Amino acid sequence: MNLSLLDPFAALKEYPEHLTHTLSFGHSVFVRYSEHGDYLASGLASGTILIIDNDTKSVIRRLKGHTRPIQSICWSSDGRYILSSSRDWKCLVWDLESSTVTRKFNFNGPIWNSQFNPQNHEEFIVSLYDDIPKFVDASSKIYDLQDTKVLVSAFHPNGELIFTGTNKGMVSIISRKSLDVLYTQKLTSSSIKNIVFSSDGAKVAINSSDRIIRQISLPDFSQDQSTWQLETEHKYQDLVNRLQWNSILFSSNAEHIIAAAFGSTHDIYVWETSMGSLIKILEGPKEELVDIEWNFQKCIICATGLDSGTIYVWSVVVPQKWSALAPDFVEIEQNIDYVEKEDEFDVVPDDELNQKQLDEEDDMIDIISREPVDARGFELKTSFVIPIEYEDNDLSNLQVF
């Protein structure tokens, strides 16, 4: 499609509404977009990780290091490194410059999730199923985060705090520097399954097995710890069907939150976070959606199907805007005879030209300098470009629809 024909304001929607295409590259069980939304990492049930180019929808890298299904994937902020965990009880750090494993860790139990420090990709945390979570520093030393078994852990966007959730509904806040527990609060009596933060770090959403997603306003962590309090702003749930939720995410500006339901329901629920009301249900395929991901830069939501392993993609359908080429453009339903205007192709002497047009011809137009932000308000930064391995031809069995 000609880019000059696209309406730039049509892509400024907060969330996509249409299921536009599917990707079938093996049986995908986990998906994550890079920080800038250029690449999608798809973890397969076989343990392979595929790097998919978002523009061409083709596989450009295939990472083989795990022997069991992928459990979690995390990108570094610069898009060069990937942290992967699998059901083979291993965590691997990949350098996409060379597609090699730079760090490898074996743990003594199943891994629930792992995550890079948002401010330092040399540090990460690992949540072990029904065990003590681990912190790995830049020197590859492994430390216990606390003496309590947890299900899930996550870094706060500032990189200085770590949140953990237990199967008893307890949430703890831990200092990254000292690894001391700074604060603990009981939010529910059920197991905590997911902890996700808004991009500004002001809100956190906690998904628990009691079928409720709690949106919590976070305190000012620069204040004394005695003043901290996790206040629940809204609770999201389906009171009719009593659904559990597989995966949850905030939008880029934290104005919306989405969730994929557990069981036979194959839709994605969208709530707005100011009032806590349900505003949209994205209709999906005829299978349960396990993991969901939101590409903020491209306004794309994707999810993996439980049975088929297909990646389903919702995106914004941008209409063509022909008036971008000609302001007086008129769309017609059938051919008509064009009548040339009397002076349309007449040669006008320079001395008769409009003086304003002559002045505008002398204006210098800057076509080199880059804008600081794009049309959606995201800061434009130089992202890492993954080298393409053209000699990798063993992808003939992969299909895209």
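Quick caveat, the model's predicted, so the values are computed rather than measured. Sequence positions, counted from 1, serve as the residue numbers for this chain.
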Sequence neighbours excluded, which residues qualify as side chain to side chain donor-acceptor pair (under 3.5 Å) partners of Asn158? His156
Going from OG on Ser34 to CG on Asp78, what distance comes out if it is rounded to the nearest 0.5 angstrom? 10.5 Å
Over 12 non-hydrogen atoms of neighbours within 6.0 angstrom of NZ in Lys235: no
Show me the pairs that pass ring pair (Phe, Tyr, Trp, His ring centres under 6.0 Å) and involve residues 59-94, at least two apart or across chains. Tyr81-His121
Least distance between heavy atoms, Leu161 atom then Ser175 atom: CD2-CA, 4.5 Å
Does anything in residues 129-155 pair up under ring pair (Phe, Tyr, Trp, His ring centres under 6.0 Å), and if so which pairs, sequence neighbours excluded? none
Compare every heavy atom of Ile206 with every heavy atom of Ile192, then report the nearest pair and how far apart it is. CG2-CG2, 3.6 Å
What pairs with Tyr312 under side chain to side chain donor-acceptor pair (under 3.5 Å), at least two apart in sequence or on another chain? Glu287
Are Gln215 and Thr273 linked by a side-chain donor-acceptor pair shorter than 3.5 Å? no
Mind jotting down which residue pairs meet the ring pair (Phe, Tyr, Trp, His ring centres under 6.0 Å) criterion with at least one end in residues 227-254? Sequence neighbours excluded, please. Phe221-Trp228, Tyr236-Trp271, Trp245-Tyr269, Trp245-Trp271
Phe116 and Ser76 have their tightest heavy-atom pair at CD1-N, 3.8 Å
Go through the structure and list residues passing side chain to side chain donor-acceptor pair (under 3.5 Å) with Thr188, not counting sequence neighbours. Asp210
Less than 4.5 Å apart, any side-chain heavy atom of Arg103 and any of Glu122? yes
